[in-house]
There are 2 protein chains.
Amino acid sequence: MTRPEPAEAASRRPTRQRSALLAVLSDTDGFRSAQELHALLRARGDGVGLATVYRTLQALTDQGQVDVVRNADGEATYRRCSTAHHHHLMCRSCGRTVELADSPVERWAARVADQHGFADVQHQLEVFGTCAACAAAREPQR
Amino acid sequence: MTRPEPAEAASRRPTRQRSALLAVLSDTDGFRSAQELHALLRARGDGVGLATVYRTLQALTDQGQVDVVRNADGEATYRRCSTAHHHHLMCRSCGRTVELADSPVERWAARVADQHGFADVQHQLEVFGTCAACAAAREPQR
DNA sequence: AACGTTCATGAGAATCATTCTCGCACAGTT
DNA sequence: AACTGTGCGAGAATGATTCTCATGAACGTT
Ligand SMILES: [Zn+2]
Ligand SMILES: [Zn+2]
Ligand SMILES: [Zn+2]
Ligand SMILES: [Zn+2]
């Protein structure tokens, strides 16, 4: 079996492709798909194989270094986020993202799950909207 | 404001395949993928083409008659739900689902979005856990 | 520095869910 | 029966993600 264990930590070899990917991730504020990141890397000069992009993204996700959110088309998009638990408020137009902590969902989810006899509770919450900049840019068209 | 209801899809021809699909959807409590529904229909006797399953599911979703949730594998899963806004508490083991209304998220999302200058706010929230039955069924194995 | 072991990489093939194509079937109408 | 509009479905096409496996890079040890 060559499959990494779930509880496995981050003892991976540092490579050019990994730092390149992390660099691109740090350069953008929003969530990007693996395909987009692959293209950005290529455009930047330090190309990285598509398979490696997916593989590395998977590893970073397991380590909690990046968050994953599926967009409307069902594609997985990634973003480097703080490691603490939080949710996102993102612009569906430009991708601008704000991390949100301390939501009332934390308590509520636990309580309601308990009321229904559910254990090992988890939740996923995302908030979408149009940021001020994008709203302003659209206004003139009226 | 967030419910642009053209109310045009109401005049669709009633067909055997559609009622069969609705029947299967009503028979299950959890979310099922298009592939699963297709298999269930076939097993039941009234088979329906895969393309039709997808097509009908899409139409029902547009009409708000079914909710869609992407599972961990990224597959779209469907469930016949109440038409009013709500969220779900579902068992990640057996799929049992409970509809949740009146969450504190409604207000919170609107407020926090406003604070950051975002408009046209929407949100998606799902709660996962292990239902009492599944937890009990797993206990004996210890 | 050279050597051998181990792990990461990447081109291309393979998966697999979802969508598209397009000829056929069927109900209702004249 | 002939005509028309719409839904159906087998199979092809699409596209993201994963897998295969030969090659190359990183590391610890001589
Ligand atoms: Zn924006
Ligand atoms: Zn939370
Ligand atoms: Zn259960
Ligand atoms: Zn809500």
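Because only heavy atoms are used, hydrogens play no part in the values below, and waters and symmetry mates are left out as well, while side chains stay in. Here is how names work: the chains are called A, B, and so on, in the same order as the sequence lines, proteins then strands, and each is numbered from 1.
At a cut-off of 3.5 angstrom, the base of C:dT6 holds at least one donor-acceptor pair with the side chain of A:Arg13. For B:Arg16 against D:dG7, no side-chain N or O and base N or O form a donor-acceptor pair under 3.5 Å.
The two atoms that bring B:Arg44 and B:Ala23 nearest to each other are NH1-CB, 3.5 Å, heavy atoms only. Considering every non-hydrogen atom in both A:Phe31 and A:Val69, the closest pair reads CE2-CG2, 3.5 Å.
Between A:Gln17 and C:dG10 there is a side-chain polar atom (N or O) within less than 4.0 angstrom of OP1 or OP2. A close approach under 4.0 Å does not occur between any side-chain nitrogen or oxygen of B:Tyr54 and OP1 or OP2 of C:dT19. Within the 4.0 Å cut-off from OP1 or OP2 of D:dG7, not a single side-chain nitrogen or oxygen of B:Thr15 is found. In terms of phosphate contacts, B:Ser33 brings no side-chain nitrogen or oxygen within less than 4.0 Å of OP1 or OP2 of C:dA17.
Candidate nucleotides C:dT9, D:dT17, C:dT18 were compared by shortest atom distance to the side chain of B:Ala34, and C:dT18 ranks first. Of the candidates D:dT20, C:dT18, D:dG9, C:dT18 carries the atom nearest the B:Arg70 side chain, counting heavy atoms from C-beta on.
By the rule that hydrophobic residues join a cluster once side-chain heavy atoms approach within less than 4.5 Å of another member, A:Val98 and A:Val127 end up as members of one cluster.
Within the nucleic acid shown, B:Gln35 comes within 4.0 Å of at least one base atom, counting heavy atoms only.
When rounded to the nearest whole Å, the span between CG of B:Leu21 and C1' of D:dG9 equals 15 Å. The CG atom of A:Asp46 sits 17 Å away from the C1' atom of D:dA25 (whole-angstrom rounding). Rounded to whole Å, the distance from NE2 on A:His38 to C1' on D:dT17 is 13 Å. Between A:Leu41 atom CG and C:dT9 atom P the separation is 12 Å, expressed in whole Å. Per the geometry, CG belonging to A:Leu50 stands 10 Å off C1' belonging to C:dA11, to the nearest Å. Atom-to-atom, CG of A:Asp73 to P of D:dA16 comes out at 9 Å; the value is rounded to the nearest Å. When the P atom of D:dA10 is taken as reference, atom CZ of B:Arg42 falls 8 Å away, rounded to whole Å. As rounded to whole Å, 12 Å separates atom C1' of D:dA26 from atom CZ of A:Arg18.
Through side-chain heavy atoms spaced under 4.5 Å, either directly or across other Ile, Leu, Val, Met, Phe, Trp or Tyr residues, A:Leu40 is tied to A:Leu21, A:Leu22, A:Val24, A:Leu25, A:Leu37, A:Leu41, A:Val48, A:Val53, A:Leu57, A:Leu60, A:Val66, A:Val68, A:Tyr78.
Note on ring orientation: taking the six-membered ring where Trp is involved, the planes of B:His87 and B:His123 are tilted (angle from 30° to 60°).
Positionally, the nearest nucleotide of DNA chain D for B:Gly47 lies more toward the 5' end than for the other of A:Arg55 and B:Gly47.
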